[in-house]
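Before any comments, here is the structure.
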Amino acid sequence: MCKLKSRTDLMSVSEIQQVADSYGKGSPEYVDCLMRGAKAYPNDVTAVNNAALALMEADRTDEAIRLLDNAPEEGELLNLKGVAYSKLGDYEQAEKAFSAAQSKGYTPAGENLTLLKKYAEYMAE
């Protein structure tokens with residue numbers, strides 16, 4: 001269990017990341033710390049992004065999507081949601097997320113959307 005028990009809101013997102021890193025990337029404590037950071041700072045793109053990535057790396061992609069569903073509608077987070085849906089094989093939802101991220105001006109989402117479409121065409125052959 002992450003040692004961040006209470007008042008995580010008194011720490012910066014960077015400090016929370018440092019505590020998480022002290023446990024080792026991928027450990028349950030690492031994920032727990034980053035989730036506490038996302039809970040303390042639900043509108044901070046970096047906090048939510050880091051927690052969602054940690055969940056995905058821990059094969060908890062469904063949880064990452066739930067976190068991202070409640071996150072700000074920022075291009076970077078919408079793109080990550082597209083990646084999460086792709087990881088689960090839900091290409092329709094991935095396309096929607098990538099398109100939404102692209103409409104927010106997040107350039108990498110357009111690249112991901114192109115790759116997703118090429119993959120779909122390849123699989124259709």
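Note that the structure is a prediction, hence the values are computed from the model and not measured.
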Compile the donor-acceptor pairs under 3.5 Å between side chains in residues 95-113 and protein atoms, sequence neighbours left out, one pair per line.
| residue | atom | partner | partner atom | Å |
| --- | --- | --- | --- | --- |
| Ser99 | OG | Glu95 | O | 2.9 |
| Ser103 | OG | Ala100 | O | 2.7 |
| Lys104 | NZ | Glu73 | O | 3.3 |
| Asn112 | ND2 | Asn79 | OD1 | 2.9 |

What's the spacing between [X] [atom1] and [Y] [atom2] if we round to 0.5 Å?
{"X": "Leu116", "Y": "Glu92", "atom1": "CG", "atom2": "CD", "answer": "11.0 Å"}
{"X": "Tyr85", "Y": "Gln93", "atom1": "OH", "atom2": "CD", "answer": "5.0 Å"}
{"X": "Glu74", "Y": "Leu68", "atom1": "CD", "atom2": "CG", "answer": "12.0 Å"}

List in chain and number order the residues that pass ring-ring contact (aromatic ring centres under 6.0 Å, His included) with Tyr91, two or more places apart in sequence or in another chain; answer none if no residue qualifies.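 For Tyr91 the ring-ring contact (aromatic ring centres under 6.0 Å, His included) partners, ignoring immediate neighbours, are Tyr119.
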Please list, chain by chain and in numerical order, all residues satisfying side chain to side chain donor-acceptor pair (under 3.5 Å) with Arg60, sequence neighbours excluded.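 For Arg60, the residues satisfying side chain to side chain donor-acceptor pair (under 3.5 Å) (neighbours in sequence not counted) are Glu63.
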Excluding sequence neighbours, so at least two apart, what forms side chain to side chain donor-acceptor pair (under 3.5 Å) with Asp69?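 Asp69 satisfies side chain to side chain donor-acceptor pair (under 3.5 Å) with Lys81 once adjacent residues are dropped.
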I'd like to know if the side chain of Asn70 and the backbone of Arg66 have a donor-acceptor N/O pair within less than 3.5 Å.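 Yes, because the side chain of Asn70 sits within donor-acceptor range (under 3.5 Å) of the backbone of Arg66.
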Sequence neighbours excluded - side chain to side chain donor-acceptor pair (under 3.5 Å) pairs with any residue from residues 42-53: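 Every pair satisfying side chain to side chain donor-acceptor pair (under 3.5 Å) with a residue in residues 42-53: Gln17-Asn50.
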Any link between Leu67 and Leu78 through a network of hydrophobic side chains (Ile, Leu, Val, Met, Phe, Trp, Tyr) touching at under 4.5 Å?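 No, Leu67 and Leu78 fall in different hydrophobic clusters.
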Same apolar cluster: Leu88 and Met123, side chain cutoff 4.5 Å: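 Unlinked, Leu88 and Met123 end up in two clusters.
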Where is the tightest heavy-atom contact between [X] and [Y], given as atom of each residue plus distance?
{"X": "Ile65", "Y": "Ala84", "result": "CG1-CB, 3.6 Å"}
{"X": "Ser86", "Y": "Ala94", "result": "OG-CB, 3.3 Å"}
{"X": "Tyr23", "Y": "Cys33", "result": "CE1-SG, 3.6 Å"}

Contact check, side chains of Lys25 and Leu53, non-hydrogen atoms, under 4.5 Å: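 They are not in contact (no side-chain heavy atoms under 4.5 Å apart), so the answer is no.
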Are the charged groups of Asp32 and Lys39 less than 4.0 angstrom apart, N to O?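 Salt bridge flag = no for Lys39 with Asp32.
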For Leu115, the rest of its hydrophobic cluster, which grows through side-chain links under 4.5 angstrom: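 Hydrophobic cluster check, Leu115: no partners found.
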Ala64: side-chain contact (heavy atoms from CB on, under 4.5 Å) partners, not counting sequence neighbours: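 Once residues adjacent in sequence are excluded, the partners of Ala64 under the side-chain contact (heavy atoms from CB on, under 4.5 Å) criterion are Ala52, Leu55, Met56.
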Tell me the ring-ring contact (aromatic ring centres under 6.0 Å, His included) pairs involving residues 32-71, sequence neighbours left out?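 For residues 32-71: none.
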Which residues satisfy the salt bridge (Lys or Arg N to Asp or Glu O under 4.0 Å) test with Lys117, sequence neighbours excluded?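 Scan of Lys117 (salt bridge (Lys or Arg N to Asp or Glu O under 4.0 Å), adjacent residues dropped) gives none.
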